[in-house]
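Numbers here are sequence positions counted from 1. Note that these values count all heavy atoms, side chains included, but never hydrogens, waters or copies made by symmetry.
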Amino acid sequence: MTVTQRRGRKIMMTPDELDEFLAGERTCRVATVSTDGAPHVSALWFAWDGTSLWLYSVVRSRRWADLRRDPRVAVVVDSGEEYDQLQGVELSGTVEFVGEIPRTGELCAELDAPEALFARKNFGIEEMPYDGRHAWLRLTPDKIVSWDFRKLGSL
């Protein structure tokens, strides 16, 4: 995974800042490539485990169909309203499909940690609820670019 960036090094997040930011934010925007080559962007909740971004997606969605055909993805997580408060992370790479599709709760040790993170973060509960409509995507990014414009005041 590449965490360095050529431009904006003065405002990039440290690894600890990146982990704290991704652990605290809830919504990301997922960009996929449609069959005709057009980009498709959709919002989704996520969990970050310090290495991978875990996305819990509806399996009967354009996003899912796009990723089944072409698993390359770019994801943006950002926050801030005023210019000097903007923060964000772009993660890109190839997703992996993890667990049964759709997820119904079959034992899958690989999903124990991300499901616990996701359930606590997004639902405030300890165990993941399953609806038989969603399944897991794991993005272990090839590239990460971050920005924290709050650092501009100290430059």
Side-chain angles (χ1 to χ4, degrees), residues 1-34 37-59 61-99 101 103 108-126 128 134-155:
M1 166 178 40
T2 305
V3 182
T4 58
Q5 56 197 60
R6 294 177 196 196
R7 294 176 142 183
R9 280 184 235 165
K10 292 180 180 177
I11 61 170
M12 73 183 272
M13 295 181 191
T14 66
D16 287 342
E17 291 168 339
L18 184 106
D19 284 341
E20 182 180 347
F21 180 76
L22 291 174
E25 292 299 316
R26 178 184 249 177
T27 306
C28 66
R29 282 174 279 299
V30 179
T32 60
V33 180
S34 299
H40 173 67
V41 180
S42 57
L44 197 60
W45 283 353
F46 70 93
W48 172 252
D49 68 6
T51 304
S52 298
L53 197 75
W54 292 86
L55 306 166
Y56 198 53
S57 176
V58 172
V59 299
S61 65
R62 182 171 168 190
R63 170 184 49 248
W64 190 270
D66 287 349
L67 291 170
R68 281 304 239 186
R69 189 185 38 72
D70 183 346
R72 295 175 301 159
V73 68
V75 177
V76 171
V77 181
D78 62 342
S79 69
E81 296 294 323
E82 301 299 324
Y83 182 80
D84 63 349
Q85 295 299 312
L86 298 176
Q87 295 178 273
V89 179
E90 178 187 355
L91 308 100
S92 57
T94 303
V95 296
E96 297 172 77
F97 299 82
V98 181
I101 301 169
R103 182 87 172 118
C108 181
E110 191 174 10
L111 291 174
D112 289 348
E115 286 185 343
L117 281 170
F118 193 89
R120 277 193 296 276
K121 178 180 182 178
N122 295 306
F123 303 123
I125 57 178
E126 293 301 315
M128 189 70 190
H134 290 76
W136 285 103
L137 302 164
R138 176 180 50 217
L139 171 61
T140 304
D142 296 326
K143 182 178 177 186
I144 297 177
V145 176
S146 66
W147 57 94
D148 185 348
F149 284 26
R150 299 174 310 165
K151 293 180 178 187
L152 290 173
S154 63
L155 297 179

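Between Lys151 and Glu17, at least one side-chain N (NZ, or NE/NH1/NH2) sits under 4.0 Å from a carboxylate O, which counts as a salt bridge. For the pair Arg138 and Glu110, the salt-bridge criterion is met [side-chain N within less than 4.0 Å of a carboxylate O].
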What do the steps show when you test Trp54 against Tyr56 for side-chain contact (heavy atoms from CB on, under 4.5 Å), and what is the final call? CA-CA 7 Å; Trp54 292 86; Tyr56 198 53; over 6 Å; no
Would you check, one step at a time, whether the test side-chain contact (heavy atoms from CB on, under 4.5 Å) holds for Asp70 with Thr32? CA-CA 8 Å; Asp70 183 346; Thr32 60; over 6 Å; no
Derivation and outcome, side-chain contact (heavy atoms from CB on, under 4.5 Å), residues Ser92 and Val145: CA-CA 9 Å; Ser92 57; Val145 176; over 6 Å; no
Let's go through Leu44 and Thr27 carefully: what are the C-alpha distance in whole Å and the side-chain angles of both, what is the deciding distance for side-chain contact (heavy atoms from CB on, under 4.5 Å) to 0.1 Å, and is it a yes or a no? CA-CA 6 Å; Leu44 197 60; Thr27 306; over 6 Å; no
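In this structure, Ser57 OG and Arg103 CZ are separated by 15.0 Å, a value rounded to the nearest 0.5 Å. Note that OG of Ser79 is 4.0 Å distant from CZ of Phe21, once rounded to the nearest 0.5 Å.
Counting heavy atoms from C-beta on, the side chains of Leu137 and Trp64 come closer than 4.5 Å. Residues Pro114 and Asp49 fail the side-chain proximity criterion, which asks for heavy atoms closer than 4.5 Å. Annotation: side chain of Val77 is in contact with side chain of Leu22 (closest heavy-atom distance under 4.5 Å). Contact check for Met128 versus Asn122: no side-chain heavy atoms found under the 4.5 Å cut-off. Considering only heavy atoms from C-beta on, Glu96 stays 4.5 Å or farther from Leu139 through its side chain. Residues Met13 and Val89 meet the side-chain proximity criterion, which asks for heavy atoms closer than 4.5 Å. Looking at Trp48 and Leu91, their side chains come closer than 4.5 Å, going by heavy atoms from C-beta outward. Here the side chains of Lys121 and Trp45 are not in contact, with every heavy-atom distance at 4.5 Å or above.
The only member of Arg69, Arg62, His40 that meets side-chain hydrogen bond (donor to acceptor under 3.5 Å, both in side chains) when paired with Ser34 is Arg62. Here the options are Val30, Leu53, Asp66, the test is side-chain contact (heavy atoms from CB on, under 4.5 Å), and the partner is Val73; only Val30 passes.
Heavy atoms only, all atoms of each residue included: Val75 and Cys28 are closest at CG1-CB, 3.6 Å. Of all heavy-atom pairs spanning Leu111 and Gly99, the tightest one is CD1-CA, 3.9 Å. The two residues Asp19 and Gly50 make their nearest non-hydrogen contact at OD1-CA, 3.9 Å.
For Phe118 and Trp136, the gap between ring centers is short of 6.0 Å.
Residues Ser42 and Arg63 have side chains that bring a donor and an acceptor to within less than 3.5 angstrom of each other.
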In a table with atom names and distances, give each donor-acceptor pair under 3.5 Å that connects a side chain of residues 80-88 to protein atoms at least two apart or in another chain.
none

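Environment of CZ in Arg72: sparse, with no more than 12 heavy atoms of neighbouring residues, nucleotides or ligands closer than 6.0 Å.
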